[in-house]
Undergrad: 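Here's a structure for you.
The figures here come from the full heavy-atom set of this structure, side chains too, leaving out hydrogens, waters and symmetry mates. Quantities reported herein were computed from a predicted structural model and do not represent experimental measurements.
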Amino acid sequence: MNWKAPELLDYAARLKLDYLLLSDLDALGSLEDTHLKEIKARADELGVRIHAGTWSICSSSKAFKNKWGAAEEHLATGIRVAQALGSPVLRCVMGTGEDRQPPGQIDRCITETVKTLRSCRSRALDAGVKIAVENHAGDLQARELAALIEAAGKEFVGVTLDAGNATWTMEHPLASLQVLAPYVVSSGIRDSMVWEYEAGAKVQWTAMGEGLVDWIRYFEQFAALCPGAPVILEIISGFAHPLPYLKDDFWKAWPDFRAAEFSQFLALARRGRALEPHRSPNPEAERRYQRDELERSLAYCRNTLGIGSRA
C-alpha cells in the first residue's frame, strides 16, 4: 500500500481492529522519540494496540541489511522503538529459506542470532519488551526455532507464530502451533492451499477459510495454549511456492528432517487442489486485490470464528 504508520492506524481503526503489527521500521517514517510518541498517542486515541517489528537481526543471513547498523545495534534500536510505541514485543526474523544453503549455513545463522539476542538481554528486560522471533519464509522449522529461543533465553525471547510460513518448511500449521505455543507472544496468520505436482508440492497462501487449515480446531488450541497472544492476520495471496522434494538435491537443506513431520505435510498436500496464480494488470489493481483478500479474511474470522474484540 506504501502507507506509513498514520495511514495504517487509520485503516486499522476503520476496520475496527484490536491490534496492528508494524513489521518494518521504515513504516514509522522517523525513529525520533517525538515522532514515536505522536504515533503512540494516535494509536491510543484510536484504540489500536501496536506490536512493533523489524527484519533480520542475523548478520550471517542473506536477508540481513546494515541499514540500521550492525545486528546488535539494529536489535537495540528495535527495542527502543517498541518501548516508545508501548509495544510489549518486537517482532524480528532470522532470515529466509535461502539460509538453508549451503549445508551448515542454517546452523551458523542460528548461532549468530542467539549471540545477537543475548547481547540485548538486559536492554530488553529493562524495557519490558519481549523479542518475538518469527518462523519466516522457510528459514526455521518449529523445533529449530524453539531450540533457538531456549538457547537465547525464553525469559526475554518469544515467537511471532506464522501459520503460513509453517507450510514453507513442510510443516502442518497445527503441528507448528503445538511445538511453539509455549513461546508465542505475537502472530502472523493466513491460510494455505497445498497440492502435489510432478517434483513435490506447491504452497499458495490464501485468504482465511479458503485453504486447507481447520481454523476452528486451530484457534481452539491457540486460545488454550497461547492465552496472552493476539491473532494478527498477515494475508499475502496470489503466488505459489514450490517445494521440489522429489529432486535429489532438495534434502541437502533439510538434513535433520523427521518422517513424522513430513507425513503430516504430505497428508495436507494430498487433500489440496492446484490454484491459479493471481496477476494484476497494474499496481493499483494489485493493491485492491490484496486489500480485498485481507478484508474478506477479517469477515471470516469475525463471522465464522468469532475472533476480535472491538468488532
Undergrad: Considering only NZ, NE, NH1 and NH2 on the basic side and carboxylate oxygens on the acidic side, decide whether E220 and R217 come within less than 4.0 Å.
TA: no

Undergrad: Give me the ring orientation class for F265 and F262: parallel if the planes are under 30° apart, tilted from 30 to 60°, perpendicular past 60°.
TA: parallel

Undergrad: G200 and L246: which non-hydrogen atoms are nearest, and at how many Å?
TA: N-CD1, 4.0 Å

Undergrad: Pick one: which of D139, T96, D99 meets side chain to side chain donor-acceptor pair (under 3.5 Å) with S61?
TA: D99

Undergrad: Looking only at heavy atoms, which two atoms of A166 and P173 are closest? And how far apart?
TA: CB-CA, 4.2 Å

Undergrad: So, are R288 and D292 salt-bridged, with charged N and O less than 4.0 Å apart?
TA: no

Undergrad: Start with the C-alpha distance between V185 and V159, add both sets of side-chain angles, then the distance that settles side chain to side chain contact (heavy atoms under 4.5 Å, CB included), and finish with yes or no.
TA: CA-CA 6 Å; V185 292; V159 164; 6.0 Å; no

Undergrad: For the hydrophobic clusters of this structure (ILVMFWY residues joined by side-chain heavy atoms under 4.5 Å, transitively), does one cluster hold both V89 and Y19?
TA: no

Undergrad: Side chain to side chain donor-acceptor pair (under 3.5 Å), that's the test. Do H51 and S186 meet it? Break it down for me.
TA: CA-CA 8 Å; H51 273 198; S186 191; 2.9 Å; yes

Undergrad: Looking at G211 and T206, what are the two nearest heavy atoms and their distance?
TA: N-OG1, 3.4 Å

Undergrad: Yes or no on side chain to side chain contact (heavy atoms under 4.5 Å, CB included) for E286 and H278, after CA distance, side-chain angles and deciding distance?
TA: CA-CA 9 Å; E286 181 63 25; H278 171 80; 3.4 Å; yes

Undergrad: With a 4.5 Å cut-off on side-chain heavy atoms, are D44 and K40 touching?
TA: yes

Undergrad: Test I57 against T113 for side chain to side chain contact (heavy atoms under 4.5 Å, CB included), laying out the working first.
TA: CA-CA 7 Å; I57 59 165; T113 302; 4.2 Å; yes

Undergrad: Please determine whether a side-chain nitrogen of the Lys or Arg among R100 and E144 lies less than 4.0 Å from a carboxylate oxygen of the Asp or Glu.
TA: yes

Undergrad: My understanding is that only residues two or more places apart in sequence, or in another chain, count here; which of them pass ring pair (Phe, Tyr, Trp, His ring centres under 6.0 Å) with F156?
TA: none

Undergrad: Can you see whether Q105 engages R108 through a side-chain donor-acceptor pair at a distance of less than 3.5 angstrom?
TA: yes

Undergrad: Under the side chain to side chain contact (heavy atoms under 4.5 Å, CB included) test, which residues partner N66, sequence neighbours left out?
TA: F64

Undergrad: When you compare the side chain of E234 with that of I189, does any pair of heavy atoms fall below 4.5 Å?
TA: no

Undergrad: Are the side chain of S60 and the backbone N or O of E112 linked by a donor-acceptor pair below 3.5 Å?
TA: no

Undergrad: To check you understand the geometry: which heavy-atom pair defines the closest contact between S87 and A52, and what is its length?
TA: OG-N, 3.0 Å

Undergrad: If I compare all heavy atoms of Q204 with all of G238, which pair ends up nearest, and what's the gap?
TA: NE2-C, 4.0 Å

Undergrad: For the residue pair F222 and Y218, does the interplanar ring angle fall in the parallel (under 30°), tilted (30 to 60°) or perpendicular (over 60°) class?
TA: parallel

Undergrad: Go through it in stages, so that I can follow the logic: the residues are E210 and Y300, the test is side chain to side chain donor-acceptor pair (under 3.5 Å), and I'd like the CA-CA distance, side-chain angles, deciding distance and then a yes or no.
TA: CA-CA 10 Å; E210 299 178 13; Y300 173 83; over 6 Å; no

Undergrad: Are V93 and V133 close enough that some pair of their side-chain heavy atoms sits under 4.5 Å apart?
TA: no

Undergrad: With sequence neighbours left out, write down each residue that passes side chain to side chain contact (heavy atoms under 4.5 Å, CB included) with N2, or none if nothing qualifies.
TA: R287

Undergrad: Same cluster for I307 and L177 if Ile/Leu/Val/Met/Phe/Trp/Tyr side chains link at under 4.5 Å?
TA: yes

Undergrad: Would you say E276 has more than 12 foreign heavy atoms packed within less than 6.0 Å of its CD?
TA: no

Undergrad: Mind checking whether L8 and V48 sit in one hydrophobic cluster, side chains of I, L, V, M, F, W, Y counted as touching below 4.5 Å?
TA: yes

Undergrad: Quick check: closest heavy atoms across L90 and I79, and the distance to 0.1 Å?
TA: CD2-N, 3.7 Å

Undergrad: Measure from the side-chain N and O atoms of E171 to the backbone N and O of E261, and report whether any donor-acceptor pair falls under 3.5 Å.
TA: no

Undergrad: Side-chain contact test, heavy atoms from C-beta onward, threshold under 4.5 Å: evaluate it for L140 versus I110 and give yes or no.
TA: yes

Undergrad: Check for a donor-acceptor pair, side chain of H35 on one end and backbone N or O of L28 on the other, with a separation under 3.5 Å.
TA: yes

Undergrad: Applying side chain to side chain donor-acceptor pair (under 3.5 Å) as the test, list every pair that has at least one member in residues 120-131; sequence neighbours left out.
TA: R121-E155

Undergrad: Looking only at atom types and distance, does a side-chain atom of R118 sit under 3.5 Å from a main-chain N or O of A151, one as donor and one as acceptor?
TA: yes

Undergrad: Tell me, with the steps shown, if I50 and I39 meet side chain to side chain contact (heavy atoms under 4.5 Å, CB included).
TA: CA-CA 10 Å; I50 290 176; I39 293 174; 3.9 Å; yes

Undergrad: When you measure from the centre of the six-membered ring of W195, is the NZ or CZ of R270 closer than 6.0 Å and no more than 45° off the axis?
TA: no

Undergrad: With a cut-off of 6.0 Å (strictly less than), are more than 12 heavy atoms of other residues, nucleotides or ligands near CD of Q221?
TA: yes

Undergrad: Any salt bridge (charged side-chain N to carboxylate O under 4.0 Å, His left out) pairs touching residues 242-259, not counting sequence neighbours?
TA: none

Undergrad: Under 4.0 Å between a Lys/Arg side-chain N and an Asp/Glu carboxylate O for K67 and D26?
TA: yes

Undergrad: Output, in order, the C-alpha distance, side-chain angles, deciding distance and verdict of side chain to side chain donor-acceptor pair (under 3.5 Å) for E293 and S237.
TA: CA-CA 7 Å; E293 292 280 297; S237 302; 2.7 Å; yes

Undergrad: Just jot down the side chain to side chain contact (heavy atoms under 4.5 Å, CB included) partners of N165, sequence neighbours excluded, or say none.
TA: E134, N135, H136, D162, R190, W205

Undergrad: Quick one, T169 with Q141, criterion side chain to side chain donor-acceptor pair (under 3.5 Å). Give me CA distance, side-chain angles, the key distance, then yes/no.
TA: CA-CA 6 Å; T169 54; Q141 286 196 296; 4.9 Å; no

Undergrad: Just checking K4: does its NZ atom have more than 12 heavy atoms from other residues, nucleotides or ligands closer to it than 6.0 angstrom?
TA: yes

Undergrad: Let me check something: do M193 and Y245 share a hydrophobic cluster, defined by ILVMFWY side-chain heavy atoms less than 4.5 Å apart, either directly or through other members?
TA: yes

Undergrad: Do W55 and L31 sit in one hydrophobic cluster, given that two such residues count as connected whenever their side-chain heavy atoms are within less than 4.5 Å of each other, even indirectly?
TA: no

